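One structure is given below, encoded as structure tokens.
The structure displayed is predicted, hence computed values, not measured ones.
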Amino acid sequence: MEVVFTQDVPNKARAGEVRRVPDGYARNYLLPQGLAVMATPEVLKRLHKIKSAGDEVRMRETQVLEEIKEALDETEITVQARVTPTGRYYGAITSTHISMALAEVTGREIERRWIEVPEPIREPGEYDITLRFSTEIAATIHVTAETEE
């Protein structure tokens with residue numbers, strides 16, 4: 001089925017693009033969510049308006065993400081967890097722990113999916129973690145992992 005995307009769908013298409021997608025995906029997800037409409041001649045005539053609306057939304061989102069990046073870039077946070085007698089954490093410090101610590105420090109909600117932890121932090125130390133807001137926008141924070149007293 002050929003559809004015109006009305007909104008950006010990550011890893012699929014941007015607003016205003018015409019794509020061929022599986023029928024079930026279009027019927028069960030894209031169309032009910034309002035993310036796309038069927039590509040009819042009337043819709044194809046309005047394609048320019050859909051593209052410009054998508055560009056405006058993308059510009060606003062990019063501006064907000066840039067502001068968040070500037071606020072978080074080079075931020076230092078400390079995360080504490082219990083340690084085993086061998087010096088490793090009982091669990092691990094994950095992106096969820098880091099997002100909660102960032103929310104406490106900055107006062108703004110940070111989505112854990114933005115945080116790229118190459119592998120869970122299992123030992124105390126200092127780590128540089130990347131926050132990827134979009135393909136072009138990224139910030140680096142410094143995480144100090146300490147033992148819990």
Side-chain angles (χ1 to χ4, degrees), residues 1-39 49-149:
M1 177 183 298
E2 213 164 74
V3 296
V4 176
F5 285 84
T6 57
Q7 296 178 20
D8 290 354
V9 178
N11 301 323
K12 291 293 178 195
R14 291 184 157 202
E17 287 186 9
V18 179
R19 292 272 171 103
R20 183 173 256 330
V21 296
D23 292 351
Y25 180 59
R27 255 193 328 269
N28 297 324
Y29 180 69
L30 294 175
L31 298 176
Q33 296 289 327
L35 300 173
V37 293
M38 289 182 53
K49 289 182 183 178
I50 295 171
K51 279 185 182 179
S52 63
D55 289 343
E56 284 181 33
V57 169
R58 206 171 302 113
M59 283 178 32
R60 273 188 261 125
E61 287 176 354
T62 301
Q63 187 176 16
V64 168
L65 292 176
E66 282 286 344
E67 291 173 6
I68 294 173
K69 176 203 179 274
E70 293 299 321
L72 292 178
D73 209 14
E74 301 301 321
T75 300
E76 295 183 17
I77 61 168
T78 302
V79 182
Q80 296 181 342
R82 289 187 12 210
V83 179
T84 65
T86 61
R88 293 177 57 107
Y89 291 123
Y90 277 107
I93 295 176
T94 61
S95 59
T96 304
H97 296 100
I98 295 170
S99 74
M100 291 188 315
L102 274 172
E104 288 177 16
V105 170
T106 62
R108 66 176 45 174
E109 198 66 31
I110 305 299
E111 293 185 33
R112 69 177 182 80
R113 64 183 175 87
W114 290 341
I115 301 169
E116 291 182 349
V117 181
E119 56 189 50
I121 299 171
R122 298 191 188 279
E123 295 179 351
E126 294 187 8
Y127 301 89
D128 287 335
I129 304 294
T130 302
L131 298 169
R132 182 146 327 269
F133 303 109
S134 69
T135 54
E136 313 88 35
I137 303 171
T140 302
I141 60 169
H142 304 289
V143 176
T144 304
E146 295 180 345
T147 61
E148 194 174 79
E149 298 297 326

Quiz prompt | Cation-pi check, K51 onto F5 ring (under 6.0 Å, within 45° of axis) | solution =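 Not flagged: K51 not positioned over aromatic ring of F5.
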Quiz item: Would one find more than 12 heavy atoms of other residues, nucleotides or ligands at under 6.0 Å from atom CD of E109?
Solution: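 Not buried by this count: 12 neighbours or fewer within 6.0 Å.
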Answer yes or no: is there a side-chain heavy-atom contact under 4.5 Å between [X] and [Y]?
{"X": "L131", "Y": "L72", "result": "yes"}
{"X": "E116", "Y": "I129", "result": "no"}
{"X": "T6", "Y": "V37", "result": "yes"}
{"X": "Y89", "Y": "P120", "result": "no"}
{"X": "E2", "Y": "R19", "result": "no"}
{"X": "L35", "Y": "D8", "result": "no"}
{"X": "T94", "Y": "V117", "result": "no"}
{"X": "V79", "Y": "T144", "result": "no"}

Quiz item: Is the closest basic N to carboxylate O distance between E123 and R88 below 4.0 Å?
Solution: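 A salt bridge is present here (some side-chain N lies under 4.0 Å from a carboxylate O).
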Quiz item: Taking all atoms of both residues into account, what is the closest heavy-atom pair of M38 and L31, and its distance?
Solution: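 Heavy atoms of M38 and L31 come nearest at N-CD2, 3.9 Å.
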Practice problem: Just jot down the side-chain hydrogen bond (donor to acceptor under 3.5 Å, both in side chains) partners of Q80, sequence neighbours excluded, or say none. | Solution: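 Only E146 meet the side-chain hydrogen bond (donor to acceptor under 3.5 Å, both in side chains) criterion with Q80.
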Self-check item: Donor + acceptor pair across side chains of H142, E74 (<3.5 Å)
Solution: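 H142 vs E74: donor-acceptor pair found between side chains.
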